[in-house]
Amino acid sequence: MEYTFRAVSHNPGIIIWRIEKMELVQVPEKSHGNFYEGDCYILLSTQKVGSSLSYDIHYWIGSQSSQDEQGAAAVYTIQLDEFLGSGPIQHREAQNHESDAFRGYFKQGVIYKKGGVASGMKHIETNSYDIQRLLHVKGKKRVSAMEVEMSWKSFNLGDVFLLDSGKTIIQWNGPESNRQERLKGMLLAKDIRDRERGGRTEIGVIEGEAEANSSKLMDILTSILGQRTSKLPSGTPDELADQQQKAQLTLYHVSDAEGQMKVIEVATRPLVQDMLNHDDCYFLDQGGVKIFVWKGKRANKAERQAAMSRALEFIKLKNYPTTTNVETVNDGAESALFKQLFQSWSVKDQTVGLGKTHSVGRVANVTQEKFDATRMHVMPDVAAQERMVDDGTGQVQVWRIEDLELVPVESQWHGFFYGGDCYLVLYTYEVHNKLNYLLYMWQGRHASQDEIAASAFQAVALDQKYGDQPVQVRITMGKEPRHFMAMFKGKMVIFEGGTSRKGTSDPEPPIRLFQVRGSDASNTKAIEVPALAASLNSNDVFLLRSQSGIHLWCGKGSSGDERAMAKEVSSVIGQHSTAEEIVAEGQEPVEFWDLLGGKAPYANDKRLQQAALDHQQRLFECSNKTGRFIVTEVTQFTQDDLSEDDVMLLDTWDQVFLWVGNEANELERKEAVVTSQEYLRTHPGSRDPDTPVLLIKQGYEPPTFTGWFTAWDPSKWSGGKTYEELKKELGEVTFLVRITNEQNGVETKKNFQSYPPKDLINKLANELPKGVEPTQKEVGVLSCYNEVTSVQSTATLIHSDAVVQLVLSVLTNVFFTLECCLETCKWSPPLSSRNISQTQTSVPYLECLKTCLPACLYGSS
């Protein structure tokens, strides 16, 4: 087994094998993303998570692969799982129905190729030009390209097509395709050029709605495909499962104790972690879209090994398509996708937050690292984890919604929030001499619908007043994020009802009870609870305010920091009128219980280890353009996945970010908040609908957002290249020699204009002759060289230093190392000097140039 998996290492990345004659053969890295329809493959993904490694094994089944090959792939998957200690997550991938995780490994797209190892098909080696194929490109985020018949019959108006003839790739964009699809098609073409052809293939682009502007390229297209004789059909939309379908969860217990598989339904959504027994195996059916297999750590080995085959039996039993995606997860090593299908998922002994630790079996002794605001912008990953852009010392402005208008709240009342009101809070902070804004919308539990609607309307107006720069954050009462509390320096008080408006007729209750939570100025708030003994909790501090004064009740499980912060809040609630009376739990005076209506049972269990929710951040593209709410996950995400014409959703579980690209259409912008609410409502994990939602505009991302992305580039939006700019970079297709369709034998050739060497040597782009493309300068060099060699002898040309210098310059600076010259003539250009006498070769230089250089560059003799 060690020999079979000798390529496996501890380095992050992917390894791919193909099943060839029932053996595993490693696929070269340059061919990653290319899959033959007649074959089966195994992909191993290794990722570093903290100080440990996590593994995902995907076995891919081609649509034309044999049962024997599919069986061999399944067996090798089990062996690889055992080789890696039975810890990897296993995925069954069927062609055209791959998981988001699988497609995420191939950012430029997946290419399906006809044939397979049985028909002698080999993975393409670099610099191979003996190719002629038509690729049908589909998808915006999840790009796939399938080899189709070389005919106009394969085309439609809604997709992108690549005609690949080895030396030239022509991209034809359907008139109904969007800019993002065209960009992805171009990136795929460039990936083929750079990875498979060593950068020696030219790319031309035809816009389907303006074919007349690319007449020369159209001539080539028709010379290969023939004349187009009929009108092209419209494109077909991708088949995607909507979020409603994915939310249909059913958990089944699986057993084969009597030699026959028995499947018993356990529960439907919402699911909780405790439903999974470590002694058993389970199926989790996600609306027929995907099947998860959970293998308990104490389940017997036979059951664990048969889990995947049992899942395939289950798919047949339910009459689901054979292409249904299957993922097997191990007890204790579950994937993020699996865990998010449960209402809550905690991990034993996991610490919570920055510097927090919790002990088991006794009242928690919570210690916390002192918060250092200077790290937030220097280390955006810390800002993201802590949900803090800074320490809250910026400028704070507060307005209350009154008669549907904004009324400023006086600074002495900042931090007081009433359940019958709605508030807007604008926070301004400075980073690198630039002002940044957060706009919070706080909605009271008892506010009217008119006031809630008015707060949203006024937020839009305020956002526009500040140039659409503020990050908008919707907060419901009791769900305040940490930074919101930090703005009020530990003196934030939430009153259950009432209003802070002047002239209110509601009398203030004579007795009020507040629960104080927090250990420092950045995370403390006091929340009003019913003034009853049953509201008390041994793990917290409470403030009881009455006409006779304030009692500060300290539960046995509260810490010194929590008691100190409660005293700070007490001075605010009591208006500094009287000193508070400290009351220790178990030593309460009779007066204390009388104020609470008498002694009664309350929560006095000692606090055990605080549950740490274990959910990884996930990025989605959200769309409801088709009338159905479609959520497409973007795995292995980077900043490049934030498309300017999209609305993207970043889910960090306790917060949801909505990122709006500058080119997103008006409807998507207006419906952004509705989109987030729909996402939470339909989430399989039965999410809290009051989860804070942050609305972020492109170019104004705070570190709490950018910190979730590796290597965020703040200048990307100002310096990023558009589709049009990338297209312009490709230049004109100058080399269209011998593109031939074997069926009709048509050949097209283009002649080049030549220039004297002195006009091309060491010239800047603006100094070149008119009509010379700087990136295609070598074409002029070779034309010049061919003309010179036709009239001069080899002996004479050896002394033509200008020509030799220019050719060597081209070889060194444009094509780096030419493999064929190295192999055929044992020759390479001098890198540090152009003194020919320093280089030893087995044949004369110009003989090498004359015979090998054209072959290296263009495959001609």
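Note that the coordinates shown come from a computational prediction; the quantities given were computed from them, not determined experimentally.
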Under the criterion side chain to side chain donor-acceptor pair (under 3.5 Å), which of E207, E181, E209 is the partner of N173?
->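 The passing option is E207.
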
Over all atoms of both residues, closest heavy-atom pair of [X] and [Y]:
| X | Y | value |
| --- | --- | --- |
| V205 | S214 | O-OG, 3.6 Å |
| G208 | P175 | C-CG, 3.7 Å |
| A189 | I169 | O-CD1, 3.8 Å |
| L134 | S151 | CD2-O, 4.0 Å |
| R92 | Y59 | CD-OH, 3.5 Å |
| W152 | M218 | CH2-CE, 4.3 Å |

Hey, what do you get for [atom1] ([X]) to [atom2] ([Y]), rounding to the nearest 0.5 Å?
| X | Y | atom1 | atom2 | value |
| --- | --- | --- | --- | --- |
| E98 | I61 | CD | CD1 | 10.5 Å |
| E149 | H136 | CD | NE2 | 13.5 Å |
| N34 | I192 | CG | CD1 | 7.5 Å |
| Q171 | M186 | CD | CE | 5.5 Å |
| H32 | I16 | NE2 | CD1 | 4.0 Å |
| L221 | R228 | CG | CZ | 8.5 Å |

Any side-chain heavy atom of [X] sitting closer than 4.5 Å to one from [Y]?
| X | Y | result |
| --- | --- | --- |
| Y112 | N96 | yes |
| K190 | I203 | yes |
| Y36 | Q64 | no |
| F161 | L163 | no |
| F102 | L43 | yes |
| V148 | L135 | no |

With no hydrogens and no angle check, is any side-chain donor or acceptor of [X] less than 3.5 Å from a backbone partner on [Y]?
| X | Y | answer |
| --- | --- | --- |
| Y41 | G62 | no |
| S177 | G174 | yes |
| T201 | G166 | yes |
| Q698 | N662 | yes |
| T222 | D219 | yes |
| Y76 | M22 | yes |

Take the angle between the ring planes of H91 and H58 and call it parallel below 30°, perpendicular above 60°, tilted in between.
->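 Parallel: the ring planes of H91 and H58 meet at under 30°.
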
Derivation of the side chain to side chain donor-acceptor pair (under 3.5 Å) call for Q132 and D164 = CA-CA 6 Å; Q132 195 167 88; D164 182 5; over 6 Å; no

Does the pair Y105 and D56 meet the rule for a side-chain contact (heavy atoms from CB on, under 4.5 Å), with working shown?
-> CA-CA 11 Å; Y105 302 128; D56 285 82; 3.9 Å; yes

Are L44 and I14 close enough, and set up right, to give a side-chain contact (heavy atoms from CB on, under 4.5 Å), and what steps lead you there?
-> CA-CA 5 Å; L44 173 66; I14 64 172; over 6 Å; no

Do F35 and F106 make the cut of ring centroids closer than 6.0 angstrom?
->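 Ring centroids of F35 and F106 are less than 6.0 Å from each other.
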
For E29, does the CD atom sit with more than 12 other heavy atoms under 6.0 Å from it, leaving out its own atoms?
->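 No, CD of E29 has 12 or fewer neighbouring heavy atoms, counting only those of other groups under 6.0 Å.
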
Test salt bridge (Lys or Arg N to Asp or Glu O under 4.0 Å) applied to E23 and K21, step by step = CA-CA 5 Å; E23 297 290 334; K21 298 178 181 178; over 6 Å; no

Could you go through the side-chain contact (heavy atoms from CB on, under 4.5 Å) check for D68 and I19 one step at a time?
-> CA-CA 10 Å; D68 288 344; I19 308 295; over 6 Å; no

Show your reasoning for whether side-chain contact (heavy atoms from CB on, under 4.5 Å) applies to M146 and Q95.
-> CA-CA 10 Å; M146 179 178 289; Q95 181 181 335; 3.6 Å; yes

